[in-house]
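A quick write-up on the structure given underneath.
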Protein chains: 2
Amino acid sequence: MARKSGSSAEKTRPLVEAAAKRLFARHGYAAVSMRQIAAEVGVQAGALYLYTPDKQSLLFELMKTHMEELLAAWAKSDPGGAADRQLHAFVEFHIAFNLQSLEAVFISYMELRNLTPENFAHIEDMRRAYETVLEDILKAGMAEGTYQLEDTKLTTLAIIAMLNGVNTWYKESGRLTREQVAGIYVEMVRRAVGG
Amino acid sequence: MARKSGSSAEKTRPLVEAAAKRLFARHGYAAVSMRQIAAEVGVQAGALYLYTPDKQSLLFELMKTHMEELLAAWAKSDPGGAADRQLHAFVEFHIAFNLQSLEAVFISYMELRNLTPENFAHIEDMRRAYETVLEDILKAGMAEGTYQLEDTKLTTLAIIAMLNGVNTWYKESGRLTREQVAGIYVEMVRRAVGG
DNA sequence: GTCTATACTAAGATAGAC
DNA sequence: GTCTATCTTAGTATAGAC
């Protein structure tokens with residue numbers, strides 16, 4: 001039999017996840033209480049346990065979902081072809097995706113140490129998979145002779161750190177649009193890899 | 001009359017600061033309790049209040065001291081001269097200083113949101129002063145005609161983000177020494193600014 | 001599915017003995 | 001200068017009524 005249509009469980013669940021995301025991003029996982037999350041949703045603290053076994057799972061599911069979406073989105077955006085074409089696409093993709101997922105990205109970088117060891121290992125695997133995407137592009141560029149790099153691993157980490165920085169200062173109301181920012185970064189990255 | 005030489009206040013104070021730094025860096029400000037800090041020092045929680053009015057001040061003093069040391073250390077290291085010479089020095093200085101102050105740097109980036117608004121404003125001013133050091137070097141390079149940059153502010157933030165990334169992955173036991181890492185970054189930064 | 005009530009633990013901070 | 005004891009508040013999580 002169909003679920004009672006007046007039931008609000010299917011509405012409440014996403015509200016819980018959204019409130020957790022917003023609050024964790026703003027105040028940090030450790031500083032946010034289940035009571036605060038409940039208050040944001042408009043239910044009592046006890047009711048949250050209908051949707052999550054505990055606070056840790058709320059954090060882990062948030063991060064896991066974000067990383068899965070990131071990897072899936074790149075798989076769809078990857079244009080293939082020459083390394084330089086892929087690098088260009090990667091830089092634009094990374095900036096665009098991160099800016100539209102500000103809170104999840106912020107949490108994924110700040111709250112790693114609040115994951116249990118098993119959950120941490122899982123997220124780390126996904127993060128490494130993403131780094132490998134960029135490193136493979138750089139390696140391809142080396143093989144093509146397009147890029148001259150002293151160290152592809154270091155360059156990968158340097159580029160990702162640089163791109164992530166955008167999230168900490170970009171404002172919709174700032175003097176540059178996302179596209180202008182992305183354009184400047186594409187150019188800086190190209191120069192940095194000697195392309 | 002001289003302070004009693006058996007008195008341990010002058011020993012305990014730095015122990016409190018060191019314990020707070022270590023614990024805040026490892027677990028995050030919000031997740032660390034005054035009791036944990038006291039346990040690390042080997043005193044009772046109440047005794048901490050002889051050295052700090054509250055937990056917030058412990059965090060703020062830590063960050064303020066770090067930023068002051070950073071700015072003072074650069075003032076001593078600044079070689080002056082042409083932009084390229086200064087940029088080279090800045091990159092090496094930033095990596096070396098950050099790697100020898102791992103915990104304080106980590107805290108200074110992660111715990112900004114746990115500062116009271118007044119304390120936050122103070123730290124932000126100092127952080128901006130440090131960014132201005134780099135931006136002024138880039139502007140000088142532009143004036144000299146050494147660098148070709150689309151945007152000195154963006155480039156400043158991109159370079160600092162890239163350099164800060166080193167702190168998240170560098171291991172003393174890794175395959176590269178600090179000097180090798182710094183060398184690779186100097187080269188990447190040079191290329192990125194079109195020098 | 002949500003509420004109230006509550007068990008249990010621990011937080012930051014203070015008072016007063018030693 | 002440090003300890004013990006304590007105040008007050010708030011945390012996660014559960015039980016059972018509705």
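All figures in this text were calculated on a predicted structure; none of them were measured in a lab. Protein chains get the first letters and strands the later ones, always in sequence-line order, with residue 1 at the start of each.
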request  = Measure across Lys21(B) and Ile107(B) and return the closest heavy-atom pair with its distance rounded to 0.1 Å.
outcome  = O-CD1, 3.4 Å

Only distances under 3.5 Å count here; give the side-chain donor-acceptor pairs of residues 58-74 of chain B to other protein atoms, sequence neighbours excluded, each with its distance to 0.1 Å.
| unit_1 | atom_1 | unit_2 | atom_2 | d |
| --- | --- | --- | --- | --- |
| Lys64(B) | NZ | Glu68(B) | OE2 | 3.4 |
| Thr65(B) | OG1 | Glu61(B) | O | 2.8 |

Reckon [X] has a side-chain N or O less than 4.0 Å from the OP1 or OP2 of [N]?
X	N	value
Thr12(B)	dG1(D)	no
Tyr29(A)	dG11(D)	no
Ser33(A)	dA10(D)	no

When the distance from [atom1] of [X] to [atom2] of [N] is rounded to whole Å, what number comes out?
X	N	atom1	atom2	answer
Arg35(A)	dC3(C)	CZ	P	14 Å
Leu15(A)	dT2(C)	CG	C1'	14 Å
Leu23(B)	dA11(C)	CG	P	12 Å
Gln44(A)	dT14(D)	CD	P	17 Å
Leu48(A)	dT4(C)	CG	P	14 Å
Lys55(B)	dT14(C)	NZ	C1'	17 Å
Asp54(B)	dT14(C)	CG	C1'	13 Å
Arg13(A)	dG1(C)	CZ	P	9 Å

ask   = Is Arg128(B) salt-bridged to Glu131(B), going by a charged N under 4.0 Å from an acidic O?
value = no

ask   = Nearest of dT12(D), dT2(C), dC3(D) to any side-chain atom of Ala47(A)?
value = dT2(C)

request  = Would you check, one step at a time, whether the test side-chain contact (heavy atoms from CB on, under 4.5 Å) holds for Tyr29(B) with Val32(B)?
outcome  = CA-CA 5 Å; Tyr29(B) 174 77; Val32(B) 172; over 6 Å; no

message = At 4.0 Å (heavy atoms only), tell me whether Val41(A) reaches a base, stays on the sugar-phosphate, or touches nothing.
response = nothing

